[in-house]
Amino acid sequence: ADCIELRRLHRYFGKTHAVHDISFSVRRGHVFGYIGPNGAGKTTSMRILATLDLPSFGDAFVDGFSVVNDPELVRSRLGFMPDSFGTYRDVNCEEYLDFFARAYGLTGRDRTRRLREVLEFTGTVGMKDKPIRGLSKGMKQRLCLGRALVHDPAVLILDEPAAGLDPRARIQLRQMIRQLANRGKTVLISSHILTELAEMCDSVGIIEQGQLLATGSVEDIQRQR
Ligand code: ADP
Ligand code: ADP
């Protein structure tokens with residue numbers, strides 16, 4: 001079954017055709033790498049999937065639900081990791097995750113248990129009392145992934161999560177993403193570097209100037225280029 005689907009998606013900003021007739025789908029438990037240079041339209045299409053923006057034409061589906069017609073159901077099934085961290089500087093890591101857990105309606109023991117699971121999975125247990133403002137880039141990324149996971153969504157949309165990470169943190173990120181896919185999560189992950197994602201993706205799509213130029217396995221794409 002397809003867990004993520006873009007169907008003839010378009011988004012204009014004035015005259016800029018940021019997303020130009022993009023269609024692709026990602027099967028349950030697969031990791032799809034969304035590769036393209038800055039300005040290609042990756043963030044715009046991911047924000048539409050995360051219901052933070054709307055298509056000009058076309059539609060996108062998460063777990064079969066339309067971002068246009070059923071945004072609430074899409075949100076309940078999707079975790080989004082934006083490309084910048086936001087502004088929660090004066091809280092500690094656990095408080096940060098707790099904020100999102102509450103926002104998703106988790107209460108009581110469920111919330112406590114889920115926070116512990118997320119801290120453990122992302123390797124941030126030792127950081128839970130530390131303020132976000134002092135964290136390294138790698139730790140911030142882990143926390144941000146934790147936030148996207150807090151309501152145990154079926155689908156993850158990760159906008160350039162490896163950007164700015166050192167090689168060790170990248171390997172750890174890759175391991176976390178593969179583990180999530182092995183547990184049945186469907187992942188859309190973007191980068192401007194194909195090789196950065198090669199080892200973790202089941203398939204990739206190349207986007208440039210709003211258009212999807214090719215999709216296939218990493219080997220298919222490398223052969224074509
Ligand atoms: P990427 O994530 O691949 O770097 P984006 O989706 O951020 O690309 O941007 C695609 C194009 O849309 C760019 O030309 C960008 O300048 C433009 N764009 C994105 N968001 C807006 C906006 N809110 N208003 C106007 N133009 C935008
Ligand atoms: P800011 O702090 O600048 O508002 P954030 O990155 O915290 O930026 O949030 C950007 C948007 O992402 C918000 O509108 C929020 O509702 C949305 N959002 C946050 N977490 C999730 C999530 N797990 N799934 C989908 N959307 C989310």
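The structure displayed is predicted, hence computed values, not measured ones. Numbering of ligands and ligand atoms starts at 1, following listing order.
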| task | With heavy atoms only and a cut-off of under 4.0 Å, state how T16 meets ligand 1: side chain, backbone, both or neither. | result | side chain
| Whether G36 lies under 4.0 Å from ligand 1, heavy atom | no
| query | Which word best sums up how the rings of Y12 and H17 line up, parallel for under 30°, tilted for 30 to 60°, or perpendicular for over 60°? | reply | parallel
| field | Ring centers of F61, F65 separated by less than 6.0 Å | value | no
| said: Need the ligand 1 atom indices (1-based, order shown) with element for anything under 4.0 Å from a heavy-atom of N38. | reply: 4 (O)
| R133 and D90 ion-paired at < 4.0 Å | yes
| said: For G210, state whether at least one heavy atom is located under 4.0 Å from any atom of ligand 1. | reply: no
| field | Atom indices of ligand 1 within 4.0 angstrom of P37 heavy atoms, with elements | value | 3 (O)
| query | For ligand 1, is any non-hydrogen atom under 4.0 Å from S45's backbone (N, CA, C, O), its side chain (CB onward), both, or neither? | reply | neither
| said: For atom 12 (O) of ligand 1, what is the closest protein heavy atom, and at what distance to 0.1 Å? | reply: A18 CB, 3.2 Å
| query | Can you name the closest pair of heavy atoms from T122 and R142 and give their distance? | reply | O-NH1, 2.6 Å
| message | I want to check something: taking the side chain as every heavy atom from C-beta on, are L212 and I206 in contact at a cut-off of under 4.5 Å? | response | no
| query | Do you see a donor-acceptor pair shorter than 3.5 Å between the side chains of Y34 and S45? | reply | yes
| Do R75 and T51 have a side chain donor and acceptor closer than 3.5 Å? | yes
| request: Report the nearest protein non-hydrogen atom to atom 23 (N) of ligand 1: residue, atom name, distance rounded to 0.1 Å. | output: F13 CE2, 3.7 Å
| request: Determine, counting only non-hydrogen atoms of the protein, whether one lies under 4.0 angstrom from atom 16 (O) of ligand 1. | output: no
| field | Side-chain heavy-atom pair D21, Q211 within 4.5 angstrom cut-off | value | no
| Hey, is D63 close enough to R28 for a salt bridge, meaning N to O under 4.0 Å? | yes
| What is the closest protein heavy atom to atom 6 (O) of ligand 1, and at what distance does it sit? | T44 OG1, 2.6 Å
| How far is atom 7 (O) of ligand 1 from its nearest protein heavy atom, and which residue and atom is that? | T43 CB, 3.7 Å
| said: Starting from atom 13 (C) of ligand 1, what is the nearest protein heavy atom, named by residue and atom, and what distance separates them? | reply: G39 O, 3.7 Å
| field | Protein residue, atom and distance nearest to atom 8 (O) of ligand 1, heavy-atom basis | value | G41 N, 3.0 Å
